Amino acid sequence: MTITTELQDVVAESLVVDGAQLIDGEWVPSHTGRTIDVINPANRALIARVPESDAEDVEHAVQAAERAFPAWRDLNATARGALIFRWADLIEQNGAAIDSLESQEVGRPSWGPPPMAAQLRFIAGQADKVQGVSLPTYSPDTVGYTLREPYGVVGAVIPWNAPGPMFATEVGSAIAAGNTIVLKPAEDAPLTPLALAKLALDAGIPAGVVNVVTGYGAEAGAAIPAHPRIRRVGFTGSPQTGRSIMEACAKNLTPLHLELGGKSPQVIFDDADLDTAIPAIAAGITLNTGQICAAGSRVVVDRRVHAEVVDRLAAAMQKVTVGPWHQQVNMGPLINARQHERVCGYIDIGREQGATIVTGGGRPAGADFADGWFVEPTLFDGVTPDMRIAQEEIFGPVLSVIPVDDEAQAIEVANGVDYGLVASVWTQSVGRAVRMTRALQAGQVGVNNALGAGVIGAPFGGYKNSGFGRTMGADSVLDWTQVKTVSMREAPLPRF
Ligand code: NAD
C-alpha cells in the first residue's frame, strides 16, 4: 500500500495529524498503541492512520470535557457564538482542502465548496437566542421563569457517508448550547472530522470543548452511550446500531436523539413536470453513490406516466459517469467491501424476487474499476411494494419503480415502509401538494424537489424508524439543552 499523494498534500497543510486524535486540545495516540488504516475506496490505497481507541480513551476525553465545561458554560452566549462563527470562517477558508479530504476518504467526486460553513453560521447565530419564558404566577410577589441549560458533557457517534456536515452540525449545535462534547467518527471516514476539530481549536474554541476519539464502533463507539457521566447522546447511523445505542442509554437513563436510515419515496403524478423531476431523481439516487440517508430510492409513479418515467429515468441514469473520485466523474465507488457486498446482494435479491433490471445491475469493467468498490447506477422496474428492495434501505445507487393507480394508493405505498425520513411529491396541482404534504409520514417533505434543498435552517430528522430529534435547525440547539423552572419570591420577614 502507498500513501496517496493527494493526502500527503493535505497532511502537509497540517489539517490532519497522522495517527493522532484530539483530546483536551492535544493530538494524542490511543493508550492501546494500535491504529486503524483509513483507505481510499477508489483504489484501496492507504490515506492515513488513526488511533484505535477504546473505553479508556473515551474516559480521558470525558475528563477533559468535564474540566472544560464550567468555563464554556459560563462564557456569555454571544462570545460562544462568535467563536463558532470564527470556526465557520476557517472552514470556508479551508473549503477546498476539506472537500478534497472528504472526497478521498468517502470516495465521492468533488461537491464544490462544502455546505458546512453556512450550516455552522446558522447554528452559531442560535447560541445567544436560547431563551426561556416568563411564567404567570398565582400572586404578584412571585416571579416564575424557565432557564434552558446545557447538559454538561455530551457524546455523539456519526457515520462515514457525510462526515464533514455531520460533524459540524452535531458538534456546532451541542457546543452552541454550552455543552462540551466527546465525538466518535466512523472508522472509515474519521479524517474530515479530525480536520474540522483542528479548525475549531484554531478558531479559539478552548481545549477540551471538542474532543474526537477515533476507533471501532464496538469499542470506542459503544463506550459513549455506556458512559454514566455523558449526559446526553446524539447518534447518526444505521437502525441496528441505533437500537443498541438506545439500549445502552436506557441503562443510564441518558436522553438521546437518533438519526437513522430511510427508504424515501419520490411520488410522481401524471401532471408532474418530468423535465425537472427526472434529472433531480437520477441525481438524488446517485449522489454519493446512493449512500445518503435522504436518497429517494423508491419512485411511486402514476401508471399513466409510468412507461415514460421509466424510459427517461433509465436514460438519465445511463448518463451518470462512474469512476475514481478525482476523475471528474458524477459517481465514485461505495465506501468498503461490506457495503459493496450489501448493495450487490440487494441487486440479486431484486432479480430473484421478480423485479426487472432496466439499466445497470453490475460492476463496471475496466482497469479504473479494478481496485475500487464500484457498482453501476441501477434501475429496477416491476417492483411491488412488498419486495425487499422496496422495503429495506440499500444505501447504494439502486432505484425501484412502483406503479400506482391513484392518489390514495400512492399514499399507501409511500407510507408503507418502516422508515419515514424524506418524501418528495412531483405535481403541478397545489391542492394535491397540500394533501400529500399532510398525508406523507416523513420528517421532511419536498414538493417538486428531491433532497429538501434550498431551505436555510431546516430542521432534519425522522418519523417512525428513521429516528427522533432534529438536527441542523434552531431546534437542534434547543435539543442539547434542558429546561429548569424557577419560582422566586422574597422570603417573608421574620416576626418579632
Ligand atoms: P453504522 O450504524 O454501522 O455506524 C455508524 C457509526 O456507529 C460509526 O461511527 C460506527 O463506528 C458506530 N458504531 C457501530 N457499532 C456501534 C456500537 N455497537 N456502539 C456504538 N457505536 C457503534 O452505520 P453506517 O453503516 O456507518 O452508516 C449508514 C447508516 O447511517 C444508514 O442506515 C444511513 O441511512 C444512516 N444515516 C442516517 C442519517 C440521518 O441523518 N438520518 C445520515 C447519514 C447516515
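Given the structure is predicted, the values throughout are model-derived calculations rather than measurements. In each ligand, atom 1 is the first atom listed, and ligand 1 is the first ligand listed. Sequential numbering from 1 along the given sequence is applied to the chain's residues.
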statement: shortest atom 12 (C) of ligand 1-to-protein heavy-atom contact is with V157 CG1, 3.6 Å
query: What's the shortest distance from atom 17 (C) of ligand 1 to any protein heavy atom, and which residue and atom give it?
result: G217 O, 3.5 Å
Electrostatic pair D24:R67 at N-O distance under 4.0 angstrom: yes
field: Rounded distance (nearest 0.5 Å) linking atom CD of Q266 with atom OG of S297
entry: 8.5 Å
query: Would you call R121 and E92 a salt bridge, taking side-chain N to carboxylate O under 4.0 Å as the test?
result: yes
task: Considering only non-hydrogen protein atoms, determine which one is nearest to atom 16 (C) of ligand 1 and report residue, atom name and distance to 0.1 Å.
output: T241 CG2, 3.3 Å
task: Please report which non-hydrogen protein atom sits nearest to atom 26 (O) of ligand 1, along with the residue it belongs to and the distance in Å to one decimal place.
output: W160 NE1, 2.7 Å
- line: In short, A42 meets W325 closest at the heavy-atom pair CB-CD1, 4.2 Å
- prompt: Less than 4.0 Å between atom 4 (O) of ligand 1 and some protein heavy atom, yes or no?
  reply: no
query: Are any side-chain N or O atoms of S476 and backbone N or O atoms of R470, one a donor and one an acceptor, separated by less than 3.5 Å?
result: no
- prompt: Would you say ligand 1 has an N or O under 3.5 Å from any N or O of L260?
  reply: yes
query: Is the closest heavy atom of M166 to ligand 1 under 4.0 Å?
result: yes
query: Does R338 reach ligand 1 with a nitrogen or oxygen that is under 3.5 Å from one of the ligand's nitrogen or oxygen atoms?
result: no
message: So for ligand 1, is L421 a polar contact partner (N or O within less than 3.5 Å, distance only)?
response: no
task: Take W72 and N179 through the side-chain contact (heavy atoms from CB on, under 4.5 Å) test and state the conclusion after the steps.
output: CA-CA 7 Å; W72 183 246; N179 302 284; 6.0 Å; no
task: Please check if any side-chain donor atom of R148 sits under 3.5 Å from a side-chain acceptor atom of T481, or the reverse.
output: yes
message: Salt bridge check, R363 against E376: does any charged N sit closer than 4.0 Å to a carboxylate O?
response: no
Taking only distance into account, with no hydrogens and no angle test, what donor-acceptor pairs under 3.5 Å do side-chain atoms of residues 214-222 form with protein atoms, sequence neighbours excluded?
{"unit_1": "T214", "atom_1": "OG1", "unit_2": "Q21", "atom_2": "OE1", "d": "3.4"}
{"unit_1": "T214", "atom_1": "OG1", "unit_2": "P51", "atom_2": "O", "d": "2.6"}

- request: Report the nearest protein non-hydrogen atom to atom 31 (C) of ligand 1: residue, atom name, distance rounded to 0.1 Å.
  value: E393 OE1, 3.3 Å
- prompt: Between R229 and E59, is there a side-chain N and carboxylate O pair less than 4.0 Å apart?
  reply: yes
- prompt: Using heavy atoms and a threshold below 4.0 Å, how should the contact between Q291 and ligand 1 be classified: side chain, backbone, both, or neither?
  reply: neither
message: Looking only at protein heavy atoms, which one is nearest to atom 27 (O) of ligand 1, and what is the separation?
response: P159 CB, 3.5 Å
- request: Supply the atom-to-atom distance I181 CD1 to N211 CG, rounded to the nearest 0.5 angstrom.
  value: 9.0 Å
- prompt: Does S244 come within less than 4.0 Å of ligand 1, judged by its heavy atoms?
  reply: yes
Where ligand 1 meets G221 - atom numbers and elements under 4.0 angstrom, heavy-atom basis: 19 (N), 20 (C), 21 (N)
task: Write out the residue and atom name of the closest protein heavy atom to atom 42 (C) of ligand 1, then the distance separating them to 0.1 Å.
output: C293 SG, 3.0 Å
- prompt: For ligand 1, is P185 a contact, meaning one of its heavy atoms is under 4.0 Å away?
  reply: yes
task: Verify, without hydrogens or angle tests, whether R298 (side chain) and K263 (backbone) share a donor-acceptor contact under 3.5 angstrom.
output: yes
query: If you measure every N/O of I158 against every N/O of ligand 1, is any gap under 3.5 Å?
result: yes
- line: Taking only non-hydrogen atoms of T236 and a 4.0 Å limit, the atoms of ligand 1 in range are 5 (C), 37 (C), 38 (C), 39 (C), 40 (O), 42 (C), 43 (C)
message: Pairs of nitrogen or oxygen atoms closer than 3.5 Å, one from Y216 and one from ligand 1: do any exist?
response: no
message: Heavy atoms only, cut-off 4.0 Å: how does A222 contact ligand 1, side chain, backbone, both, or neither?
response: both
task: Using the ring pair (Phe, Tyr, Trp, His ring centres under 6.0 Å) rule, collect all pairs that involve residues 156-188, keeping only residues at least two apart or in two chains.
output: W160-F395
statement: Nearest non-hydrogen protein atom to atom 28 (C) of ligand 1, with distance, is F395 CE2, 3.5 Å
- request: Under 4.0 Å, heavy atoms only, figure out whether ligand 1 is touched by the backbone of N161, its side chain, both or neither.
  value: side chain
message: Below 4.0 Å, non-hydrogen atoms only: which portion of E187 touches ligand 1? Side chain, backbone, both or neither.
response: side chain
- prompt: Regarding R108 and S103, is there a side-chain donor-to-acceptor distance under 3.5 Å anywhere?
  reply: yes
message: Using a 4.0 Å heavy-atom cut-off, which part of T471 comes near ligand 1: side chain, backbone, both, or neither?
response: neither
